[in-house]
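A short write-up of the structure that comes next.
Residue numbers begin at 1 in each chain, while the letters A, B, ... track the order of the sequences. Computed from a predicted structure; not experimentally measured.
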2 protein chains.
Amino acid sequence: MDAKNTISQMRRGILEFCIVSLLADQEIYTAELISRLKAANLIVTDGTLYPLLNRLQKTELLQYRWEESDSGPPRKYYSLTEAGADYLQALETAWQDITESVHSILRGNNSE
Amino acid sequence: MDAKNTISQMRRGILEFCIVSLLADQEIYTAELISRLKAANLIVTDGTLYPLLNRLQKTELLQYRWEESDSGPPRKYYSLTEAGADYLQALETAWQDITESVHSILRGNNSE
DNA sequence: ACATGCTACCTTGTTATGCAAGGTACTGTG
DNA sequence: CACAGTACCTTGCATAACAAGGTAGCATGT
């Protein structure tokens, strides 16, 4: 239970990074995002994603367009704005910095 | 400001992982932990660390002993308990899983 | 003896995120 | 026209990092 907690917490922010990455090259709607993330072992509920997507759209990092579906109500297909593409680059840099920090700590621990 | 926010959020949980890693082989007290983390580009304030260390100690993942200092009040030197060592292993696995998830998303994005 | 500064430990209030649970609305089917 | 399925969204909770502020031990200088 303790480990589970921190392992969830490790995902904070990373989820946003993954979503922005997935939207880099394609328009995706929410349910598809969820199954993409699930395929990468990142289990998320729609109650997590909708607020996140709305927040990113309100800050103009994401945009969407409605598209009708063959099997139900219309869907919001999201994509990156230009600012969103810049943001993705910043997140990629941040991710590299963090992994490097973690690795330097793991390395430092064994050698020192 | 937006990017800064998520980049901070990316560190959630990772900080705990780093601390447990640093304590794997040595006894360290708080100020030393902070400078070790700073050396790895993970800036943290003591207001973040003290609650974290107390929490880990209350859940019996960390233990401490008092040691007097030449230049001021005594210090709490922390180290891992046996449960803490197991916890570290769980965190290492979780970290590997997460980095793999992120990489699979980054890769998948370029190829698909 | 005492004031001052430094170090170390700790607490409180704020903000933000992920999640569970619950709710609304559109679409197709019998 | 009821019903199931899909898609979108909101509310309340728990947790973590942080800023700011507080207490107390120790050394130094007068």
Compare side-chain N and O positions of A/Thr48 against OP1 and OP2 of C/dC19 and report whether any pair is under 4.0 Å apart. yes
When rounded to whole Å, the CZ to P distance for the pair B/Arg55 and D/dT15 reads 9 Å
D/dA17 P sits how many Å from A/Ile98 CD1, rounded? 12 Å
Less than 4.5 Å apart, side chain to side chain, heavy atoms only: is that true for B/Lys76 and B/Arg65? no
When the nearest nucleotide of DNA chain D is assigned to B/Pro51 and to A/Tyr50 on a heavy-atom basis, which residue is associated with the more 5' position? A/Tyr50
For B/Arg11 and B/Ile43, indicate whether the former's side chain and the latter's backbone hold a donor-acceptor pair under 3.5 Å. yes
Separation of D/dA17 P from B/Glu16 CD (nearest whole Å): 7 Å
Quick check: do A/Phe17 and B/Met10 have side-chain heavy atoms less than 4.5 Å from each other? yes
Rounding to an integer number of Å, can you tell me how far B/Arg11 CZ sits from C/dA16 P? 16 Å
To the nearest Å, how far apart are A/Leu33 CG and D/dC8 C1'? 14 Å
Touch class at under 4.0 angstrom, heavy-atom based, for B/Thr30 against every strand present: sugar-phosphate
What residues 40-47 of chain B contributes to the DNA chain D interface at heavy-atom separation below 4.0 Å is B/Ile43, B/Val44, B/Thr45, B/Gly47
Would you mind checking if B/Arg75 and B/Glu32 are paired as a salt bridge, meaning a charged N to carboxylate O distance below 4.0 Å? no
Distance below 4.0 Å between B/Arg75 side-chain N/O and C/dA8 OP1 or OP2: yes
Return the value, rounded to whole Å, for the distance between atom CG of A/Leu62 and atom C1' of D/dC8. 16 Å
For the residue pair A/Tyr64 and A/Tyr77, is the inter-centroid distance of their aromatic rings smaller than 6.0 Å? no
Can you identify which nucleotide, out of C/dT11, D/dC26, D/dC8, has its nearest atom closest to the B/Pro74 side chain? D/dC26
Whole angstrom is fine here: how far is it from CG in B/Leu52 over to P in C/dC10? 13 Å
With rounding to the nearest 0.5 Å, note down the distance linking OG in A/Ser101 to CG in B/Leu15. 11.0 Å
So B/Leu53 and B/Leu33, do their side chains get closer than 4.5 Å, heavy atoms only? yes
Rounded to whole Å, CD1 of A/Ile34 lies from P of C/dC19 at a distance of 11 Å
Closest listed nucleotide, where the reference is the side chain of B/Tyr29 and the choices are C/dC9, D/dC8, D/dC9: C/dC9
Out of C/dA8, D/dT10, C/dC9, which has the shortest distance to the side chain of B/Lys76? C/dC9
Does B/Gly72 or A/Pro73 map to a spot on DNA chain C nearer the 5' end, using the closest nucleotide for each? B/Gly72
Using the closest heavy atom to pick a nucleotide of DNA chain D for each, name whichever of A/Arg12 or A/Trp66 lands nearer the 5' end. A/Trp66
